[in-house]
Structure formats: C-alpha cells, structure tokens
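Below: one structure, written as structure tokens.
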There are 2 protein chains.
Amino acid sequence: MATLKDVARTAGVSVASVSRVLSNQPQVSDALREKVLAAAAHHSFRPNAVGRALRGTGTRTIGLVVSDLLNPFFTELARAVEDAAREAGYLMIVGNADERPEQQDLYVRTLLERQVDGLIVVPTVETSPLLREAADLEQHLVLLDRPASEVHAPLVSSDTSDAVSQLVDYLVTTGRQNIGVLAGPQYAGTAHQRLEAVREALARHGLDLPAERVWVGDYKRDSGRAQTRRMLDERTTPEALLVSNGRMALGVLDTLSHAPVEGSPLPGDLALAAIDDLDVFTLLRPSVTAIAQPTRELGRRAFGLLLDRIAGKPVESVRIPCTLHLRESTEPRRV
Amino acid sequence: MATLKDVARTAGVSVASVSRVLSNQPQVSDALREKVLAAAAHHSFRPNAVGRALRGTGTRTIGLVVSDLLNPFFTELARAVEDAAREAGYLMIVGNADERPEQQDLYVRTLLERQVDGLIVVPTVETSPLLREAADLEQHLVLLDRPASEVHAPLVSSDTSDAVSQLVDYLVTTGRQNIGVLAGPQYAGTAHQRLEAVREALARHGLDLPAERVWVGDYKRDSGRAQTRRMLDERTTPEALLVSNGRMALGVLDTLSHAPVEGSPLPGDLALAAIDDLDVFTLLRPSVTAIAQPTRELGRRAFGLLLDRIAGKPVESVRIPCTLHLRESTEPRRV
DNA sequence: CTGAAAGCGCTTACAG
DNA sequence: CTGAAAGCGCTTACAG
C-alpha cells in the first residue's frame, strides 16, 4: 500500500503538505491541493489509521463487550450502539463474552490495548477486577444493562419495576394469586432486580413469594426447558409464571407444548409472561405477554454517555422504564 | 497509561529489554526478567497495540462485514467467525451494512484503513468497485454466503440445490404440483441461486415455475407480510410456498394467521417451507419445514480460508450442502 | 545476554 | 503557504 511518502514523492511536495491536503486543512494553495489529490488518486492512497492513531489523535473507535451476542436482546442493543457510533464517526468493535468472565476480560484487555477511545460493557458477572481497574485508571467506561459492584462507572439500564407492578396487578385482580418466577442466574445483576420487583409488587397485594415458587435458570433456552420439567415433575405449577428473559420463555413454551398431558396448559391453567419481548411472541398461539425493554434507547443513551465522558463532561447513571404488552398467554380462565 | 519507556526507567534497563521480556523472547536472563516484570506490574503496564502494529507485525485483527446483523442467520455466522478468530488469537471487528451498499463500502474502507490483516465480506450487492479494488490490490479478502461479480476473491457459500431438490420431490410425490416461490431481492446473489434450484427441481418432474407463482421480497419480515397479502388478494395461492429466507417466512405466517378467513390455511391448504432454519420454527404450530444452512461451518471455513490467504497459501472457493428438516407445515392434506 | 538506534506512517508545532 | 524535523510506542537487526 502506498504511504504519504509515496504520494509526496510523486507530487513533488513534502509529506506535511500531503497530510494537510488530505486532512482538509484550510491553509493550502489550490495548486498544491490539486497536485496532491492527483498523486493520491494515482496511488489509490488509503490513509493508515494506525499511523494516525499513534500520533495521538485518538482512534475514533469504541469497544462494546456484551455478555451474549446470540441473545436477540443484545444483538439489537449492539445494533443501536453501532448506529449511534457510526453517526458520530466512530467505529464500534464488539466482543462477545458468551457469559464467560474470562472471555469478557480477554475482550476488555484486548480492546484497551488497541487504544479504543471508550468502552461500553454489559458485565457478565457482578464483579471484575479488570473492569474496576480500568475505571480507576480513568479509562472511559460505561456499563450497560447490568450493574457491576465497585466499578466506578455510570450505568445505563432499564427499569422493570413499573411494568412488573402493572403485570402483577393485572394477574392478581383477575384471580391469579399463586404466582411463580423463573429467575435469571445469580451472577447477572439484572436477575436479582427483576426478582425483587416481583416480590415488591406482590407484597403490595399482601402476597409473598416463597422459595418453592422460584426457579432459577441461566437466561438460555435450555434452562427454561429444564426448570419447566422440574416444575411439572414436582407438581408445583403456579397459576402464573413470570419468566425473567425471553429465551428461557421459549424453552418453557417448548416443554409445555410437549408436556405428557395432551394439549398445552396455556392460558387456561398457567398464565405466562416474559421480561424481554421477542419478535416471535406475537406469532405463537397463545401469543405471549411480555415486558419490552427500551432496547434501542438503552444503546443510544450508553453511547451518548460515553461520548460525554470522552469529551470530559460529567455523566450520571440513567434508568429507562419498560413497557408491558398484555397478550393471550395471560388471559384469565374462561370458567 | 504507562509505556515501555516508563517501565524501562523504573526497572533500570533499556526499552529493548522490556520489550523482549514482555514478548516472551527466550534470550533474557532471569534477573532481568524479574526486574522488568516487577516494574511492569507496578505500572499496571498494558502494551499499546497501536505502537506494535505500526512496527509492522500485523494487527492480528480481521474485519467482517455482513449485510444485515439483525438477521439471526448472520448473527450466528458472525459468532462462528468470531469463535474461530478468537481461537487463533485474532480480534474480529464486525460492520453491519444493513443491506446498504454505501454503508458496506464505509465499513470496508474503514477496516482497510485500520490495517486489518484480512477481511471477510457478505456482499450486500452483486457488485462493488471498492471490493474489486481491494481484491486487486492484494488485500486478503474472502467472500461469504453471497457471490460478488468481478471480485477476485474466494467464496464460501452454502449449496441449497440438493435440499431443495429433496423438498420438491417430497411435495410433488405427495400431491403438491402447484408450487410457488417467495424469492429474495435481485441484488442478493443467493436469491437467484435459490430460485434456480427450485426451477431445476421442478423441471425434473416436468413442471414449470411461471412468473405468476413467483413473488419477490427483500429478505425482511415485512416483505413476507406484504407479498402474502398480495397472494391472498390475487387469489393465486399455490398448493405449496417455498420462502427464500427465514424472516420472510415469519411474515408469511403472521399474515396467514390473521387472514380474513377464520383459521390458518396451514397445512391443509398451503404447504409452507423456508430456506434458512429459525429456532422458533419448531415452536410454531404447525412447526415449519425448513432447509438449514451449515451456518457455523460456513463461518469457520471462511476464517480458515482467510488465515490461509494471510499465510500466503493458495485457496479455493468452498460450497457446503444444506440439510432439509421436514416438519408439520408440509404434511400432505388429510383428505 | 543487553543496549543504542533506526524506523513503521502519520501529525503538528516551529521556522521561514 | 510550505518544508524540515520531532515524536507517538513499539520491535528488531546490529553491535558489543
């Protein structure tokens, strides 16, 4: 590949002049500009961003590390961050931690070494010494979706409590008091919050959430299947089940539709709702009630905060409320 | 951030020695190694990959530009490439062209400027001067999933013809001769191939595929909805419809399930099959027959070819066959 | 085994 | 308006 030097030689000018022309600096004569542009075109010159970055003007690159890129929620989140980044002239590099702390740290380390101008992380686990260190070393860091303890960085997350509260109100007032939860994994900061939101909403009706009505999965589809089998085996099926994320809900549905008893128990016997709204929920029969997260808004705000941090402005954590979509899967019994 | 120079100063040695220790070169004394490691730890030293890359040892980064990252097929494809890259010690940067040629070129240009060691592209359109130029300038380029004309680069793609042939055989021998196709957009190289595969399979049975039984969408869900409405309005519904990708099939299902006539026409009246197998197809009722692409294999092979190119080995294009999954949506009429 | 020095491709004060 | 020169952080022949 041709370099500035090559272009300078064919144009018969200095590399400094070539650099000025190609970076659109105003103080250059038209004659010089013309010579340089012709030479650049002749060489199919493409600037080397590595050289430029080393000089210290930043890399115009941000990193995004998500906990699981195959999860459609994170795919859409990544997409929102990417759109915002591209509009602002930044390139986004995504790393997929796949819910593995070592892999998360591998990406964080790699991205820092590549001198990204800032980093957005959906923490896989609640605690990471590397993230803590990065924040303390004044790296530009923004947390997204999930909190991470002792990491001094702003967090952009969704607030499920209002929507959960509306959902619980609806279930209880239509006769379902015996409500169970398929919660997310301990290590994910969101799992705990969502569980608490249900507990508080129930408490407002004077109801409690005993341990035998809480199952725990890992946010993947298979755990939805496994926990549902356990629930059916234990004959402890509640009247309504609130599933902490979308993919587990698919697993639940899959197992219910293959349950030993002919026919699906929905919605007659078991009302079902998910936190996290998937495209397909409207296609299934019964369609699935869900709490939709403000996904694109989350991504957009996270990038906004990061830009502010890079620009040295003060930033604060942000919480954005979710929306409840009532569908067939929570309709009251017909009796 | 601390640099090699800082570490050298505190260790009381030269930067060359620090570099040698930190890159695990063998010819260093234990005493020196110890001093350097201590100093590096003291500074929380993190090597600057930009400095290293400029020196000319490559960036250990590859770029992947996909035509639409929100399409689960490409998400999984990206994931497969990422896994292969990570295992080989490479970082992958994804760019999402969103089916827009200018955006594809933006990413290709940006990635080349950042000195990626190689580039894998799912071409949004059949032709791109920039891609052609990149290939001709000896950049390491591999095309994935879709061909691009006049671009001198190897292609890794899936071969649907066998699976389509099996599917058509099944439909015809079980009494469905009037077969229609919802094809993909002209600009995608795969769309044409898939349509031809159906045409050839039908020809083997002495059947043809007239223009009035071919609808054209853009691989997105909404176009599945729109074309289905057209089909219903025109009262030209065939006995079986083969949809060229998964998301359009979801749109078709959505519209059929809301069709004016009560009840879904599946599978009694209209057999449905998709090219591209989505997770949810097994959850829907009827479950949806699909031709599954060897997604992970495609991603893995593409990265393999790229590594070979980078290593200077000769590489050839690869085609990998698809697999047919017969499900309820193509079951013969019960009559 | 270790160090001094050159150089990767760029940008930007500093002169003129 | 233009050029010569320094320097970003690293690696690697070249000496010793």
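By convention in this document, chain letters (A, B, ...) are assigned in the order of the sequence lines, proteins followed by strands, and residues within each chain are numbered from 1.
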Glu316(A) CD: over 12 foreign heavy atoms closer than 6.0 Å = no
message = Between Thr3(A) and dG9(C), is there a contact of a side-chain N or O with OP1 or OP2 at under 4.0 Å?
response = no
task = Check whether any side-chain N or O of Ser17(B) sits under 4.0 Å from OP1 or OP2 of dG3(C), and answer yes or no.
result = yes
request  = Using a strict 4.0 Å threshold on nitrogen-to-oxygen distance, state whether Asp83(B) and Arg300(B) make a salt bridge.
outcome  = no
Backbone of Gly58(B) reached by a side-chain donor or acceptor of Asp117(B) within 3.5 Å = no
Ion pair check, Arg46(A) and Glu133(B), cut-off under 4.0 Å = yes
Single hit among Val122(A), Leu111(A), Ile120(A) for side chain to side chain contact (heavy atoms under 4.5 Å, CB included) with Val65(A) = Leu111(A)
message = Has Glu82(A) got a side-chain atom pairing as donor or acceptor with Gly95(B)'s backbone, closer than 3.5 angstrom?
response = no
message = Given 3.5 Å as the limit, does a donor-acceptor pair link the side chain of Thr75(B) with the main chain of Leu69(B), or not?
response = yes
remark   = Comparing nearest nucleotides in DNA chain C, the 5'-proximal residue of the pair Gly12(B), Gly51(B) is Gly12(B)
Nucleotides 13-16 of chain C: which of its N/O atoms have a protein N/O under 3.5 Å away?
{"unit_1": "dA13(C)", "atom_1": "N6", "unit_2": "Arg20(A)", "atom_2": "NH2", "d": "2.8"}

ask   = Below 4.5 Å, heavy atoms only, C-beta onward: do Thr124(A) and Arg100(A) meet side chain to side chain?
value = no
request  = Count the heavy atoms of every other residue, nucleotide or ligand shown that sit under 6.0 Å from NE2 of His43(A), and state whether that count exceeds 12.
outcome  = yes
ask   = Between Val15(A) and Gln27(A), which is nearer to the 5' end of DNA chain D once each is assigned its nearest nucleotide?
value = Gln27(A)
ask   = Looking for any heavy atom pair under 4.0 Å, which part of the strands does Val13(A) touch: base, sugar-phosphate only, or nothing?
value = sugar-phosphate
task = Determine whether more than 12 heavy atoms belonging to other residues, nucleotides or ligands lie under 6.0 Å from atom CZ of Arg301(B).
result = no
remark   = Here the residues of residues 108-119 of chain B within 4.0 Å heavy-atom distance, strictly under, of DNA chain D are none
request  = Classify the side-chain pair Ser158(A)/Gln293(A) by whether it contains a donor and acceptor separated by less than 3.5 Å.
outcome  = yes
ask   = When we call it a touch if two heavy atoms are under 4.0 Å apart, what does Ser19(B) touch: a base, just sugar-phosphate, or nothing?
value = base
request  = Using a 3.5 Å limit on both pairing distances, list the dot-bracket string of DNA chain D from the 5' end; Watson-Crick and G-U wobble pairs count, crossing pairs take [ ], interstrand pairs take |.
outcome  = |||.||||||||.|||
